[in-house]
Amino acid sequence: MKMWSGRFNKDTDKGADEFNSSISFDSRLYRHDIEGSIAHSRMLGKIGILTEEETLAITRALQEIMDSIENGTLYIQPDAEDIHMFIEKVLTDKIGETGKKLHTARSRNDQIALDIRMYLRDECDEILNMIRSLAFVIIDTARRNLGTIMPGFTHMQPAQPVTLAHHLMAYFEMFKRDMLRIKDCLGRMNSMPLGACALAGTGFPIDREYTAGLLGFGSVTENSIDSVSDRDFIIELCSAFSILMMHLSRFCEELIIWNTQQFSFVEQDDAFSTGSSIMPQKKNPDIAELVRGKTGRVYGNLFAILTVMKSLPLAYNKDMQEDKPAVFDSIDTVKMCLPVFRDMFASLSFNKDAMLESAGKGFTNATDLADYLVLKGLSFRTAHEITGKAVSYCIGAGKSLCELSIDEFKLFSVYFENDIHGFISLESCVDRRRTQGGPSGSSVESHIVKALDFLKSH
Ligand code: ARG
């Protein structure tokens with residue numbers, strides 16, 4: 001029998017029941033639901049709605065329910081309506097009428113708004129740790145590659161020489177912002193909705209601050225209607241996860257390209273590669289491809305919730321139950337991708353020779369050649385023009401700029417002197433760029449120091 005069946009004259013249709021049920025996905029909220037209920041009953045005890053014995057009976061039974069779910073002796077019934085109803089039912093089966101007092105001054109509307117916040121808080125902590133752990137691997141790899149020269153690209157064309165460390169630390173910055181974004185979301189989520197009840201609060205003299213304190217919330221929500229109808233915190237978190245996945249996906253894309261025979265910048269470890277059922281020679285970057293692919297579903301989940309919420313009148317509507325499969329899937333996906341990506345990345349071997357050779361090929365030091373002339377007093381535009389001509393000559397002669405003799409250089413400008421070869425070597429191009437955020441070993445080293453500091457305090 002349903003707990004709300006009083007005003008109904010017949011049973012719910014079986015199909016409608018199944019359609020309505022959320023237990024298949026919200027069962028994962030059992031721990032937070034029980035913790036919320038324990039805090040709620042303690043508050044009811046504090047204000048005298050429950051006697052001391054009743055409070056004790058309820059909290060003790062709830063704790064037992066938690067333990068038995070956790071140790072596998074209590075099975076969450078798949079035919080329950082939702083996790084809230086299931087736990088309340090087990091509670092009343094256990095302690096009778098007293099259990100039925102738990103739902104005083106509460107509705108499932110504020111209950112779910114509470115549970116999901118508590119759940120997301122825990123999941124975000126885990127995800128933050130996973131990002132942190134990936135960030136450490138990135139920093140570690142960067143530290144070992146401060147002098148590993150590679151071409152930096154724009155338009156996927158060789159642009160200017162950078163180092164592998166510099167390139168990797170760009171990803172550190174992205175993941176740092178991802179961490180900050182998630183923490184920002186957590187800050188806004190840190191307000192307790194319980195006490196809003198169905199939508200209009202309650203006439204009982206509840207102590208919301210007390211419950212919030214028990215559950216570790218920084219404040220209580222300010223408007224009962226908003227408390228039960230707000231899902232912004234889920235949407236912005238799904239958005240933060242989408243951005244995080246976008247960063248992972250770009251990283252994957254680069255590794256896939258670097259892993260091609262044509263680039264050969266990296267060699268994947270066999271443990272993270274897959275073969276082909278027909279082509280015996282194949283060694284495919286499936287892990288990176290799958291992370292890139294799974295980014296799509298995380299974007300999809302964001303759009304699903306945005307669309308569910310669009311046009312919903314205040315306050316609670318059952319449509320909002322659809323937020324859960326979407327946000328749960330985003331969380332599961334992010335939690336699946338981060339560690340496997342980290343391990344795959346950690347096992348890569350970088351082909352320093354191929355990177356250096358490639359950096360030497362695409363005239364990546366042409367800007368430095370122009371800068372040389374600027375240092376001799378020419379305007380940058382004129383220097384640019386002269387350098388362009390030198391590049392064009394090199395293309396015809398099948399040479400790199402470094403391979404031009406001083407006499408050949410003099411064909412383009414009298415300002416070229418014997419120091420030009422040293423000036424445009426890839427090492428000096430990188431080393432000269434010592435400004436904050438630049439690729440020189442010293443710049444990247446100080447970035448790494450700051451990055452480690454950030455991870456220590458976040
Ligand atoms: N399973 C519901 C959800 O996820 C819980 C809230 C139900 N509230 C209600 N008025 N039926 O949204």
Side-chain angles (χ1 to χ4, degrees), residues 1-8 11-13 15-37 39-40 62 65 69 76-92 100 102-123 189 192-202 211 215 221 223-235 237-238 301-302 304-332:
M1 205 177 66
K2 298 268 187 325
M3 290 189 193
W4 39 254
S5 65
R7 62 98 71 215
F8 292 87
D11 280 347
T12 330
D13 172 79
D17 239 358
E18 278 169 18
F19 183 70
N20 195 40
S21 169
S22 54
I23 195 80
S24 64
F25 49 86
D26 68 15
S27 57
R28 68 163 80 189
L29 299 175
Y30 75 85
R31 194 158 14 95
H32 304 98
D33 193 77
I34 293 174
E35 281 168 9
S37 290
H40 179 66
L62 283 170
I65 295 171
I69 295 177
I76 299 180
Q77 295 296 327
D79 56 354
E81 185 177 333
D82 56 32
I83 190 63
H84 325 297
M85 291 303 207
F86 173 75
I87 287 165
E88 202 181 318
K89 165 110 183 21
V90 180
L91 177 72
T92 47
K100 297 186 182 175
L102 168 66
H103 211 52
T104 314
R106 189 176 70 167
S107 151
R108 277 182 294 162
N109 295 352
D110 58 347
Q111 195 174 348
I112 187 63
L114 174 75
D115 293 2
I116 191 83
R117 277 175 168 83
M118 290 170 60
Y119 165 81
L120 291 175
R121 198 162 67 172
D122 285 351
E123 293 294 333
M189 214 187 287
M192 196 212 55
L194 210 62
C197 300
L199 79 161
T202 176
T211 317
L215 294 173
T221 53
N223 179 289
S224 62
I225 295 178
D226 178 55
S227 307
V228 292
S229 55
D230 161 40
R231 292 295 181 270
D232 310 4
F233 60 98
I234 298 182
I235 294 172
L237 207 50
C238 283
N301 292 330
L302 168 63
I305 306 182
L306 276 171
T307 313
V308 165
M309 295 307 292
K310 172 186 174 294
S311 314
L312 275 195
L314 301 181
Y316 179 84
N317 301 272
K318 195 61 174 259
D319 314 44
M320 288 154 74
Q321 179 165 288
E322 287 297 310
D323 61 357
K324 275 161 235 62
V327 70
F328 292 166
D329 184 70
S330 284
I331 283 176
D332 294 347

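Given the structure is predicted, the values throughout are model-derived calculations rather than measurements. For ligands, and for the atoms within them, numbers begin at 1 and follow the listed sequence.
The protein non-hydrogen atom at the shortest distance from atom 4 (O) of ligand 1 is Lys324 NZ, 2.6 Å. The protein heavy atom nearest to atom 7 (C) of ligand 1 is Tyr316 OH, 3.6 Å. Protein heavy atom closest to atom 1 (N) of ligand 1, with residue, atom name and distance, is Gln321 OE1, 2.7 Å. At the shortest separation from atom 9 (C) of ligand 1 among protein heavy atoms lies Asn109 OD1, 3.4 Å. In terms of protein heavy-atom proximity, atom 11 (N) of ligand 1 is nearest to Arg108 NH2, 3.7 Å.
Distances shorter than 4.0 angstrom do not occur between any heavy atom of Gln111 and any atom of ligand 1.
Ser37 and Arg106 are linked by a side-chain donor-acceptor pair at a separation below 3.5 angstrom, with hydrogens and angles left out of the test. With 3.5 Å as the limit, one finds a donor-acceptor pair spanning the side chains of His32 and Asp122. For the residue pair Ser330 and Asn301, a side-chain donor N or O sits within less than 3.5 Å of a side-chain acceptor on the partner.
Taking any N or O of His84, backbone or side chain, none lies under 3.5 Å from an N or O belonging to ligand 1.
Judged by the 6.0 Å and 45° rule, Arg28 forms a cation-pi pair with Phe328.
Between the CG atom of Asp319 and the CZ atom of Arg231 there is a distance of 11.0 Å, given to the nearest 0.5 Å. The CD1 atom of Ile83 sits 5.5 Å away from the CD1 atom of Ile69 when rounded to the nearest 0.5 Å.
Listed by number with element, the atoms of ligand 1 under 4.0 Å from a non-hydrogen atom of Ser22 are 1 (N).
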